[in-house]
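Here's the structure we're looking at; comments come further down.
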Amino acid sequence: MFTMSVPSHQAHLMCNKAVSFPAAYNRLLRDFAWRKLWASTKDLLTLSLGFPRRVALDNHDTRLTLFEAQLPQASLNWIAKYSEPDAWAKLHGSADGTSDSTAAELRNCPPRRPCTVNRVVLLGDGMESWNVRLALIRSASQSIQVQYAYIYLDMYGWRFCEELARAAKRGVATSVILDEFGAMSFEFGGENPRHRCEANLPNGRRPSWNDMMTLLLDAGVEVAYWRGTSSVTAEDAMFPTKNHTKTLVVDGNFAILGDRNIGVEYFEDWAGADVLVQGHAASAIQQSFIQDNRSFLVAPKDFKNDDTPLDGQTEVNPTPFTWKVDPLSRTSRAHTPGDSAELNTILQGALHLFKREGNEQDASGTVVVHIPTTSGYDPILHDFMNRVRAAKYSIDIRSCYLVLGKFMQEELAAAAERGVRVRFVTNSKDTNDLMFLHAAMCQSLVLPAERGCHVHMMTETMDHTKFIVIDRQWISIGSWNCWLRTPFYEAETNLVVEDQRMGETLAQLGIDDFLASHANEMKKYSSADLAQEVAEVSRDVCPPDAFHAKFL
């Protein structure tokens, strides 16, 4: 069993606890109530018919943005106050991981899982990625493991849950882990009015988050919430954390991981890139689902009878969650076997990064999982920085959110100065959906751009992709963003593969061809452009907060 512990050198900080997630959520509810009252008062005082200020504040998008911006602040403020950027940098500075402090952190990490893959399919198109997910669920004969940061309360989220419910009803052991932060964001934000759930509820009422969870539970799907803290006991809990992992595993043989959650933006509106893997890698992700999350799972509330979110809950669940049916059990097959014909048809025409042919060997990889601790040590980041130091030809980083700590800026700039082509692909102020961090992002890229790195930003379409390719051979792909929140705050799962054919293909399709095909909606930023955008966003939205400023 994997458990988290806090290194002894941080023990003196145990009394400095941040606000718990339930407390932060209840604080948000109180703050939002006052905001609505103030908006309504201003509407009355200005004789505004239809209460436009109140309506604008209370809409779906505003609620989700407020939730995403406000809920992490307790944790990030704690980090800004107590963390030590130099110590954090040193943890990721040892190439062989043998320094005492790094070795201690490695012992507290989930185990690295070496694996092989015989098929890797690039799912760059949103609708293709959606259809593969549905086909995988329908093909399941034994088990399904689902882990997402967000399942949206919209037409895609509802249909996805319907498909899982059907699989469970025909005898497939179906298990779901949802990040509690992501779940509560949609309980707070409600249904997306532009892409409503195709639900048939009594009296034509619109579905709530409780209804969608009840749909799963009534069908026999087991649902757990991931409630993260920096450790697993109430005495050691430093601050709430979030699980950002996005995986779907079927029968321990197929798995999808990458940037997409379940919601309309990911499949219709935003650029993205998942991969479908077949082989031992899927089993490794399945093992991680069970073993690495065990200490952090809590039972969701009674969705049928409790309409007060998080009321009375403690930060650490007093009764540990256990699965009623072992998600890894292969002792029986579904009463109604899955139909793999649809999946096989899709795979025949899919874009393969790798497919074993004849007597070829499988490609080798490693499933690497990061779960935050108070130190901010991140094994995915450590792997990445070690490869940056060894890079000979190219470093390509395509990351939706891109905020580099000072030591990361220096290492990437040094690579560019020794002749390595370093390219970043991310979002501009016109496409970034988290504008409260955009000034920090641009500020972190000024130094690399000054010293020869290439910064490309989307100007029309949001790009939600998250992968890295180094020397067109080493690949890291999954849910991991190259930003400062991840080491301290967000749990992630990535697949790391070293394969020349796969790396060359992903770099060509995911970077070279993407830049060429989006040339009309892409801008290359100089250091001066970035500095100007920092100034504009700091003035019009907000400057870097205390957390980001400390590490930049």
Side-chain angles (χ1 to χ4, degrees), residues 65 124-126 258-260 265-266 268-273 388 393-406 408-413 415-417 419-470 472 477 480-485 506-544 548 552:
T65 300
D125 178 76
D259 75 280
R260 292 185 177 97
E265 287 90 346
Y266 303 97
E268 292 190 13
D269 301 333
W270 294 346
V388 166
Y393 314 112
S394 62
I395 300 171
D396 291 314
I397 304 167
R398 190 171 159 193
S399 183
C400 174
Y401 311 116
L402 185 57
V403 186
L404 306 174
K406 187 65 175 178
M408 299 166 68
Q409 299 173 37
E410 293 285 356
E411 296 271 14
L412 288 159
E417 289 181 331
V420 176
R421 182 180 63 182
V422 180
R423 295 185 289 186
F424 303 103
V425 181
T426 188
N427 291 289
S428 70
K429 65 179 181 180
D430 298 313
T431 59
N432 194 336
D433 67 325
L434 301 181
M435 282 300 293
F436 54 83
L437 63 85
H438 193 73
M441 184 177 88
C442 291
Q443 184 173 328
S444 79
L445 293 171
V446 171
L447 175 66
E450 282 179 348
R451 292 167 59 179
C453 298
H454 306 275
V455 179
H456 303 271
M457 291 191 180
M458 299 287 287
T459 58
E460 296 182 16
T461 302
M462 166 77 167
D463 184 15
H464 198 252
T465 307
K466 313 170 197 303
F467 69 74
I468 300 166
V469 185
I470 296 181
R472 303 176 83 87
I477 187 167
W480 190 86
N481 280 306
C482 192
W483 68 340
L484 285 170
R485 279 199 189 191
L506 182 57
Q508 181 65 49
L509 296 173
I511 301 293
D512 300 344
D513 293 353
F514 184 79
L515 290 174
S517 62
H518 291 78
N520 293 331
E521 53 176 313
M522 187 84 66
K523 177 181 176 181
K524 186 174 181 181
Y525 276 63
S526 66
S527 58
D529 294 330
L530 291 163
Q532 180 179 347
E533 194 142 309
V534 172
E536 291 174 354
V537 175
S538 296
R539 179 194 66 214
D540 299 337
V541 183
C542 64
H548 287 100
L552 295 179

Any side-chain heavy atom of [X] sitting closer than 4.5 Å to one from [Y]?
X: Val425; Y: Thr465; result: no
X: Tyr525; Y: Ser428; result: yes
X: Leu530; Y: Met457; result: yes
X: Lys466; Y: Trp480; result: no
X: Asn432; Y: Leu437; result: yes
X: Gln409; Y: Lys406; result: yes
X: Met458; Y: Phe514; result: yes
X: Phe424; Y: Cys453; result: yes

Q: Would you please classify the geometry between the Trp270 ring and the Tyr266 ring as parallel, tilted or perpendicular, with 30° and 60° separating the classes?
A: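 Ring orientation of Tyr266 relative to Trp270: perpendicular.
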
Considering all heavy atoms, the nearest [X]-[Y] contact:
X: Cys482; Y: Ile397; answer: CB-CG2, 4.3 Å
X: Ala440; Y: Val403; answer: O-CG1, 4.0 Å
X: Val388; Y: Ile470; answer: N-CD1, 4.0 Å
X: Pro448; Y: Leu404; answer: CG-CD1, 4.2 Å
X: Leu552; Y: Ser444; answer: CD2-CB, 3.5 Å
X: Thr431; Y: Met462; answer: O-SD, 3.1 Å

(Q) Looking at Asp540, I'd like to know if its CG atom is crowded, meaning that more than 12 non-hydrogen atoms belonging to other residues, nucleotides or ligands lie closer than 6.0 Å. (A) yes

Q. Is the NZ or CZ atom of Arg485 positioned over Tyr401's six-membered ring, under 6.0 angstrom from the centre and within 45° of the axis?
A.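 No - Arg485 does not lie over the ring of Tyr401 by the 6.0 Å and 45° rule.
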
Q. Do the side chain of Thr426 and the main chain of Cys400 share a donor and acceptor less than 3.5 angstrom apart?
A. yes

Q.
For Lys429, is there any backbone N or O sitting under 3.5 Å from a side-chain donor or acceptor partner on Glu533?
A. yes

Q) So, Glu460 versus His518: side-chain donor-acceptor pair below 3.5 Å or not? A)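 Judged by distance alone, the side chains do not pair up.
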
(Q) So if I apply the side chain to side chain contact (heavy atoms under 4.5 Å, CB included) rule between His464 and each of Asn481, Asp433, Asp259, which one comes out positive? (A)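 Running side chain to side chain contact (heavy atoms under 4.5 Å, CB included) over Asn481, Asp433, Asp259 with His464 returns exactly one hit, Asp259.
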
Q: Would you please test Arg423 and Ile511 for side chain to side chain contact (heavy atoms under 4.5 Å, CB included) and show each step?
A: CA-CA 9 Å; Arg423 295 185 289 186; Ile511 301 293; 3.4 Å; yes

Q.
Walk me through whether Val537 and Met441 qualify under side chain to side chain contact (heavy atoms under 4.5 Å, CB included).
A. CA-CA 11 Å; Val537 175; Met441 184 177 88; over 6 Å; no

Q) Below 4.0 angstrom, N of the basic side chain to O of the carboxylate: do Asp512 and Arg472 qualify? A) yes

Q) Would Glu521 and Asp430 count as a side chain to side chain contact (heavy atoms under 4.5 Å, CB included) if you check the C-alpha gap in whole Å, the side-chain angles of each, and the deciding distance to 0.1 Å? A) CA-CA 11 Å; Glu521 53 176 313; Asp430 298 313; over 6 Å; no

